[in-house]
Amino acid sequence: MTGQKREGPKFGKLIGASLGPGDPDLITRRAWAALQSGARWLYPVKKAEESSYALSIVERGGVPVPADAVELVFPMTRDADILAKAWARAAEQTVELLGEGRDLVFLVEGDASTFATFGHLARVVRELLPQVEVETIPGVSSFAAAAAAAGVTLAEEDETFAIIPAAYGVEVIDHLLDEFDTLALLKVKPMVDEVVDLLEQRDLLTTSVFIEKVGSPDERIVRDVANLKGEKVNYLSLMLVQNPKRVRGELRRGCRKRKEAVNASAST
């Protein structure tokens, strides 16, 4: 028909489904529904045809892996050229699959918005395909699950809490111990000995706990963290450090008086 506008190709939606750190019982109902929605599965691996930790969480939950599930390779390296090529390849593959008009659900261990592969993948896909719809399904983060497993309260009332990769080094960690009541040190594997030494110097060994592969069948909790020195730990590990001796500044509690609030508003 003349005068009728032709519609462009319909692309599928890209969905980042957070699965929690390891226990399939922590998969949210929303992520569970996405897995069984008929969307095609994408899952990350470090090497081609290698096992996927994210995929294993779903398998332990009893959900069969679809025959057409697709692996995307994200190598564990700091080589910028290798990483750039891998990201470009994964994004191009994702865009090609979205072009088939079917939704894609990308499996994410932990929470998709916290130190996850999905955020970077979605950003590159959007650069290649600006009109793509992206949905992020939140989930249980590794540090929240670790705190629950170890019986640690991350923050109470006015306490402060920070999450950092341990790779920033002991000088940064040492500084942050004076600024925050609790630190979650992620990706602690290469820094275990240095962190333990720092905690010993700060007399914080007894208020620290190490958690490895939280929620998985291989979960391990170590409360005597001094024993970790010289040990090779799993990549999926973190440490929760609390500093009960931290000196806090004065807090302003309660509501401001009405006159004070009016004056503040008038001066802006």
S.K.: Roughly how far, to the nearest 0.5 Å, is CG of L183 from CG of L238?
M.R.: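 Going from CG on L238 over to CG on L183, the span is 12.0 Å.
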S.K.: H120: which residues meet the ring pair (Phe, Tyr, Trp, His ring centres under 6.0 Å) condition with it, sequence neighbours left out?
M.R.: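 Checked H120 against ring pair (Phe, Tyr, Trp, His ring centres under 6.0 Å); matches are W87.
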S.K.: Answer yes or no: does atom CD of E179 have more than 12 heavy-atom neighbours from other residues, nucleotides or ligands under 6.0 Å?
M.R.: yes
S.K.: Quick one: are F143 and T114 in side-chain contact, heavy atoms under 4.5 Å?
M.R.: yes
S.K.: Just jot down the salt bridge (charged side-chain N to carboxylate O under 4.0 Å, His left out) partners of D178, sequence neighbours excluded, or say none.
M.R.: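 Expected list: R202.
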S.K.: Considering only heavy atoms from C-beta outward, does the side chain of K245 approach that of D203 to under 4.5 Å?
M.R.: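 Of all side-chain heavy-atom pairs linking D203 with K245, at least one is under 4.5 Å.
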S.K.: Could you give the distance from CG (L204) to CZ (R246), rounded to the nearest 0.5 Å?
M.R.: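 Answer for the CG-CZ pair, L204 versus R246, is 12.5 Å.
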S.K.: Does some side-chain heavy atom of V140 sit less than 4.5 Å from a side-chain heavy atom of D111?
M.R.: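 Heavy-atom side-chain distance check fails, nothing below 4.5 Å.
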S.K.: For a side chain to side chain contact (heavy atoms under 4.5 Å, CB included) check, start with the C-alpha distance between K189 and N234, then their side-chain angles and the critical distance, and finish with the verdict.
M.R.: CA-CA 7 Å; K189 176 180 178 179; N234 191 275; over 6 Å; no
S.K.: Cationic tip of K46 within the cone over Y235's six-membered ring, i.e. under 6.0 Å and within 45° of the normal?
M.R.: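 That pair qualifies as a cation-pi contact.
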S.K.: For V222 and V209, what are the C-alpha separation, side-chain angles and deciding distance, and is it a side chain to side chain contact (heavy atoms under 4.5 Å, CB included)?
M.R.: CA-CA 6 Å; V222 178; V209 60; over 6 Å; no
S.K.: From the options V195, L240, L176, select the one residue that forms a side-chain contact (heavy atoms from CB on, under 4.5 Å) with L185.
M.R.: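 Exactly one option meets the side-chain contact (heavy atoms from CB on, under 4.5 Å) with L185, and it is V195.
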S.K.: Indicate yes or no for a side-chain donor-acceptor contact from D181 to the backbone of T160 under 3.5 Å, with no hydrogens or angles considered.
M.R.: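 Confirmed, D181 side chain pairs with T160 backbone.
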S.K.: If hydrophobic clusters are built from ILVMFWY residues whose side chains come within less than 4.5 Å, do L236 and I163 share one?
M.R.: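 Different clusters.
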S.K.: Is the shortest heavy-atom distance from the side chain of L104 to the side chain of I15 under 4.5 Å?
M.R.: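 No, too far: nothing below the 4.5 Å cut-off.
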S.K.: Y43 side chain to S51 main-chain N or O, any donor-acceptor pair under 3.5 Å?
M.R.: no
S.K.: Are Q93 and L72 packed together at the side-chain level, in the sense that at least one heavy-atom pair is separated by less than 4.5 angstrom?
M.R.: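 Contact flag for Q93/L72 side chains = yes.
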S.K.: Say whether, by atom type as modelled, one donor and one acceptor occur between the side chain of E212 and the main chain of S237 under 3.5 angstrom.
M.R.: no
S.K.: Measure the spacing between OG of S113 and CD1 of I137 and express it to the nearest 0.5 Å.
M.R.: 11.0 Å
S.K.: Determine yes or no for a side-chain-to-main-chain donor-acceptor pair under 3.5 angstrom, with R60 supplying the side chain and S216 the backbone.
M.R.: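 No, because the side chain of R60 does not come within donor-acceptor range (under 3.5 Å) of the backbone of S216.
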S.K.: Could you report the tightest heavy-atom contact between V125 and V132, atom names first, then the distance?
M.R.: CG1-CG1, 4.1 Å
S.K.: Who are the salt bridge (charged side-chain N to carboxylate O under 4.0 Å, His left out) partners of E219, not counting sequence neighbours?
M.R.: none
S.K.: Would L199 end up clustered with V188 when hydrophobic side chains under 4.5 Å apart are linked, directly or stepwise?
M.R.: yes
S.K.: If the threshold is 4.0 Å, N to carboxylate O, is there a salt bridge linking D193 and K229?
M.R.: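 The answer is no: the pair does not qualify as a salt bridge.
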S.K.: Does a side-chain heavy-atom distance below 4.5 Å link E59 with V65?
M.R.: yes
S.K.: So, for V196 and A226, which heavy atoms are closest and what is the spacing to 0.1 Å?
M.R.: CG1-CA, 3.9 Å
S.K.: Would you name the heavy atoms of L35 and W41 that are closest together and state the gap between them?
M.R.: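 What the structure gives for the nearest pair is O-NE1, 3.0 Å.
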S.K.: Determine whether M191 and I164 fall in the same hydrophobic cluster, where Ile, Leu, Val, Met, Phe, Trp and Tyr are linked whenever their side-chain heavy atoms lie under 4.5 Å apart.
M.R.: yes
S.K.: Please collect all salt bridge (Lys or Arg N to Asp or Glu O under 4.0 Å) contacts where either partner lies in residues 98-109, sequence neighbours excluded, each pair once.
M.R.: R40-E100, D68-R102
S.K.: Contact between F106 and P44 at the side-chain level, heavy atoms closer than 4.5 Å - yes or no?
M.R.: yes
S.K.: Could you see if F210 belongs to whatever hydrophobic cluster contains L205? Use Ile, Leu, Val, Met, Phe, Trp, Tyr and a side-chain cutoff under 4.5 Å.
M.R.: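 In one cluster with F210: L205, yes.
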S.K.: Which residues satisfy the side chain to side chain donor-acceptor pair (under 3.5 Å) test with K85, sequence neighbours excluded?
M.R.: none
S.K.: Please check this pair: side chain of T94 against backbone of A90, looking for a donor-acceptor N/O pair closer than 3.5 Å.
M.R.: yes
S.K.: CD of E171: more than 12 outside heavy atoms within 6.0 angstrom?
M.R.: no
S.K.: Judged by atom type as modelled, is there a donor-acceptor pair below 3.5 Å linking the side chain of T207 to the main-chain atoms of Q242?
M.R.: yes
S.K.: With salt bridge (Lys or Arg N to Asp or Glu O under 4.0 Å) as the test, would you mind laying out the steps for E71 and R89 before giving the verdict?
M.R.: CA-CA 12 Å; E71 67 174 25; R89 190 161 48 245; over 6 Å; no
S.K.: Kindly give the heavy-atom pair with the smallest separation between L83 and P75, and that separation in Å.
M.R.: CD2-O, 3.7 Å
S.K.: Less than 4.5 Å apart, any side-chain heavy atom of L42 and any of L97?
M.R.: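 Heavy-atom side-chain distance check passes, below 4.5 Å.
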S.K.: What closest approach, in Å, do A149 and I221 show between heavy atoms, and which atom pair accounts for it?
M.R.: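 Result for this residue pair: O-CD1, 3.5 Å.
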S.K.: Show your working on side chain to side chain contact (heavy atoms under 4.5 Å, CB included) between V241 and F180 and close with a plain yes or no.
M.R.: CA-CA 10 Å; V241 180; F180 295 91; over 6 Å; no
S.K.: Evaluate the side chain to side chain contact (heavy atoms under 4.5 Å, CB included) criterion for residues L107 and L55: first the C-alpha distance (whole Å), next the side-chain angles of each, then the deciding distance (0.1 Å), finally the verdict.
M.R.: CA-CA 7 Å; L107 311 188; L55 192 64; 3.6 Å; yes
S.K.: Quick check: is Y168 connected to F115 through a chain of hydrophobic side chains (ILVMFWY, heavy atoms under 4.5 Å apart)?
M.R.: no
S.K.: Please give me the minimum heavy-atom distance between L154 and A144, naming the atom from each residue.
M.R.: CD1-CA, 4.4 Å
S.K.: Filter on side-chain hydrogen bond (donor to acceptor under 3.5 Å, both in side chains), then keep only pairs touching residues 18-33, sequence neighbours left out; what's left?
M.R.: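 As it turns out, the side-chain hydrogen bond (donor to acceptor under 3.5 Å, both in side chains) pairs with a partner in residues 18-33, which skip direct neighbours, are R30-E135.
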